[in-house]
Amino acid sequence: DTEVTQTPKHLVMGMTNKKSLKCEQHMGHRAMYWYKQKAKKPPELMFVYSYEKLSINESVPSRFSPECPNSSLLNLHLHALQPEDSALYLCASSPKRQNTGELFFGEGSRLTVL
Amino acid sequence: SQQGEEDPQALSIQEGENATMNCSYKTSINNLQWYRQNSGRGLVHLILIRSNEREKHSGRLRVTLDTSKKSSSLLITASRAADTASYFCATDGGGGGADGLTFGKGTHLIIQP
């Protein structure tokens, strides 16, 4: 199984809603990542989890709350988002190595905040 | 954080022609990678070149790396309509650990049938 699965594929939410994005991989990778991608822009790193511990938080607003319940799952909890948070949210994983090698990406969750 | 810069930002060529994209970066690296993204989809890894390598081939792909100029190029030979996509270079920042990748701005490639 070489897939990273993200759900939901599409999400529309109001600014007062609480929702979650989910990501799952069964490749035994011990590093998992959240990226945010706006239209016609490159992906921007948000969070890195290494061995289920948050190792990098790229100054992301607290309305985004990541969680790694186990080595296969990664969640991104969303609360009180703004319309400018509308974007494609990409999850990726990689084997835990000395340096970052190939990232395996999911298809993304497209978020629209009304 | 470093940011790769690709050029051109957009490239339109005829099917069968070769496509060349360039990438520049700012800091030291352990490796440089290229990814493809079809519209609105996830990114797919194409090729990785380590900092001590100068050239690498994979099928119709050829990547070069010049660490003295902090630049890389991706050549796609004999292009096909299915190669239409955005292409991003990505660098690892040179540190140890799985710290993620920083992506360049990307080149949008259109292959005209």
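When reading the values below, keep in mind they use all heavy atoms of this one structure, side chains included, and skip hydrogens, waters and symmetry mates.
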Could I get the full list of ring pair (Phe, Tyr, Trp, His ring centres under 6.0 Å) partners for A:Tyr89, not counting sequence neighbours? A:Phe64
What pairs with B:His45 under ring pair (Phe, Tyr, Trp, His ring centres under 6.0 Å), at least two apart in sequence or on another chain? B:Tyr35
Per-residue contact mode, B:Gln9 against chain A (heavy atom under 4.5 angstrom): neither
Report yes if the side chains of B:Met21 and B:Ile76 come closer than 4.5 Å at any heavy-atom pair, otherwise no. yes
Between B:Arg50, B:His108, B:Gln37, which shows the greatest number of heavy-atom pairs under 4.5 Å with chain A? B:Gln37
Aromatic plane relationship, A:Tyr35 with A:Phe105 - under 30° parallel, 30 to 60° tilted, over 60° perpendicular: tilted
Below 4.5 Å from any heavy atom of chain B, which atoms of A:Gln37 appear? Answer side chain, backbone, both or neither. side chain
